[in-house]
Protein chains: 2
Amino acid sequence: MKHPRPCSIADALALVGEKYSLLVLREVCLGNERFDQLVRNIGAPRDILATRLRRLVEAGILEKVAYSERPQRFRYRPTPAGLELEPVLMTLMAWGDRHLRGEEDRPMILEHSCGQELVPVVTCSACGDAVRHEDLTAHPQSPGWTTTGPSAA
Amino acid sequence: MKHPRPCSIADALALVGEKYSLLVLREVCLGNERFDQLVRNIGAPRDILATRLRRLVEAGILEKVAYSERPQRFRYRPTPAGLELEPVLMTLMAWGDRHLRGEEDRPMILEHSCGQELVPVVTCSACGDAVRHEDLTAHPQSPGWTTTGPSAA
DNA sequence: CCCCGTAAGTTGGAAAATCAAACCCTCTCT
DNA sequence: AGAGAGGGTTTGATTTTCCAACTTACGGGG
């Protein structure tokens, strides 16, 4: 896995882009923090899950905390950096709800503290507007970015 | 890959969660739509890339369009559904910029049409506020969601 | 006509990752 | 003592990835 381009998307995916990693994050954000819960709720092989958890811990996305000595038992909590990945999950979930299911077939609804159902929208923090593809211009900061198109990711 | 839970995050990842898929989307959103450009810019093996492209096309995320008959040449364009995944990329990129790099080491800066550098924020479309973890409550709509924790993804 | 180059893949075989099931260890409970 | 629960590790078969080479189809130059 060599990146021909310096890219934070690629770098982020190198940490959380492997199979099951984002589902682990989903579970811990929901409060399911124990190994066996993760195995059951995600449906991942135990060995793979163990590998992912090590990776996420060493990446500073999760924290392994003992909730019992004797017998030693652990849970995995999201760090602040891990919690900051939640917007990625919300955006993905909204996309799946919109494109992979019929109306009113959502497996889960998130309620915002304002009392409404959460419909996440990505906005520009400067002007507050929802961001659309046509409103973006890409400015590469390093070589290796020979963009032929004008728009941006 | 069996999902013990009905989940739009899992379903979305089943389509775009494989290695390179989101990088393909990054490239086509940037306007790099030809096979050889994708190979070079992503650094993926050609055969894997061909497989991914087939998947993304059949999922309705990309569209394969001939830009030349004789010799036949194709490009891959994002469909509207594909473009709607851009917010996922923006959010991931912002996370990577924040957590994987020092200040002012960003490989790429996105400019919004308002003239400012884009700092994407996920907001609640109902109230407009930035969404924080503590402001969410999860409401499972189907069985298989035995959430032990109160918060949400 | 022959050879070179480009674009868009396909093919073959070695290397790495995934999978499922079984196993292990440490406690607790009855 | 026996039966679980929790948190993993081990083993061996199955899948994927990876890389390099090959293919097909055309356009251009000498």
Side-chain angles (χ1 to χ4, degrees), chain A residues 1-5 10 13-24 27-28 30-59 62-78 146 148-149, chain B residues 1-5 10 13-24 27-28 30-59 62-78 146 148-149:
Chain A
M1 202 199 246
K2 62 167 187 302
H3 307 305
R5 310 191 152 192
L13 286 174
L15 296 182
V16 298
E18 292 168 300
K19 203 171 172 181
Y20 304 121
S21 294
L22 285 176
L23 297 182
V24 168
E27 288 302 319
V28 298
L30 285 168
N32 301 110
E33 305 179 329
R34 300 209 304 285
F35 188 84
D36 274 24
Q37 282 181 312
L38 295 172
V39 169
R40 274 190 298 278
N41 296 341
I42 295 172
R46 308 173 75 81
D47 56 342
I48 305 287
L49 189 58
T51 308
R52 295 293 179 274
L53 288 170
R54 264 191 296 272
R55 228 189 182 353
L56 291 170
V57 167
E58 87 188 4
L62 298 184
E63 199 183 357
K64 183 174 185 173
V65 188
Y67 67 88
S68 153
E69 317 285 340
R70 328 205 37 74
Q72 285 228 314
R73 259 55 226 261
F74 306 98
R75 60 183 177 151
Y76 295 89
R77 308 222 48 196
T146 11
T148 48
Chain B
M1 201 199 247
K2 62 165 188 301
H3 307 304
R5 310 191 153 194
L13 286 173
L15 295 182
V16 298
E18 292 169 298
K19 203 170 171 182
Y20 304 122
S21 293
L22 285 176
L23 297 183
V24 168
E27 288 301 318
V28 297
L30 285 167
N32 300 110
E33 305 178 330
R34 301 209 304 285
F35 187 84
D36 274 24
Q37 281 181 312
L38 294 173
V39 169
R40 274 190 299 277
N41 296 340
I42 295 173
R46 308 174 75 80
D47 54 344
I48 305 288
L49 190 58
T51 308
R52 296 292 180 272
L53 287 170
R54 264 191 295 273
R55 225 183 188 1
L56 292 170
V57 167
E58 86 189 5
L62 298 184
E63 198 184 358
K64 184 176 184 173
V65 189
Y67 67 88
S68 153
E69 316 285 341
R70 329 205 34 75
Q72 286 229 313
R73 256 65 225 257
F74 305 99
R75 59 185 176 150
Y76 295 89
R77 308 222 45 198
T146 12
T148 48

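Just so it is clear, the model here is predicted, and its values are computed rather than measured.
- In this structure, B/L53 and A/P45 both approach DNA chain C, and ranking their closest nucleotides by distance from the 5' end singles out B/L53.
- One can place OH of B/Y67 at 13 Å from P of C/dT6, the figure rounded to the nearest angstrom.
- Of all heavy-atom pairs between B/V16 and B/S21, the closest is O-CB, 3.5 Å.
- Between A/R34 atom CZ and D/dG8 atom P the separation is 12 Å, expressed in whole Å.
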Side chains of residues 69-76 of chain B: which donor-acceptor partners sit under 3.5 Å, not counting sequence neighbours?
residue, atom, partner, partner atom, Å
B/E69, OE1, B/Q72, NE2, 3.0
B/R75, NH1, B/E33, OE1, 3.3

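- Among the heavy atoms of the strands lying under 4.0 Å from A/R54 are primed sugar atoms or P, OP1, OP2 only; no base atom is included.
- Remark: B/Y20 is in phosphate contact with D/dC18, judged by side-chain N or O atoms under 4.0 Å from OP1 or OP2.
- With rounding to whole Å, B/I48 atom CD1 is found 14 Å from C/dG13 atom C1'.
- Against DNA chain C, the stretch residues 68-78 of chain A makes heavy-atom approaches under 4.0 Å through A/R70, A/P71, A/R73.
- With a 4.5 Å cut-off on side-chain heavy atoms, A/R46 and A/D36 count as touching.
- Contact check for A/N41 versus A/L23: no side-chain heavy atoms found under the 4.5 Å cut-off.
- Rounded to whole angstrom, the span from the CG atom of A/L23 across to the C1' atom of C/dT18 amounts to 15 Å.
- Per the geometry, CD1 belonging to B/I42 stands 13 Å off P belonging to C/dG9, to the nearest Å.
- One interatomic measurement links the two molecules: CZ of B/F35 to P of C/dT6, which rounds to 16 Å at whole-angstrom precision.
- Side-chain N/O atoms of A/K19 include one lying less than 4.0 angstrom from OP1 or OP2 on C/dC19.
- Comparing atom distances between the B/K64 side chain and each of C/dA8, D/dC18, C/dG9 picks out C/dG9 as nearest.
- The base of D/dA5 lies outside donor-acceptor range of the side chain of A/D36, with no N or O pair under 3.5 Å.
- The two atoms that bring A/L38 and A/V24 nearest to each other are CD2-O, 4.4 Å, heavy atoms only.
- Atom CD of B/E18 is separated from atom P of C/dT18 by 12 Å (rounded to the nearest Å).
- Side-chain contact check for B/E27 versus B/Q37: every heavy-atom pair is 4.5 Å or farther apart.
- Between A/K19 and A/I48, the closest side-chain pair of non-hydrogen atoms is not below 4.5 Å.
- Separating the CG atom of B/L49 from the P atom of D/dC19 is a distance of 14 Å, rounded to the nearest angstrom.
- In the set D/dT9, D/dG6, C/dA8, the nucleotide with an atom closest to the side chain of A/R46 is D/dT9.
- Here A/R52 lies in heavy-atom contact (under 4.0 Å) with sugar-phosphate atoms only.
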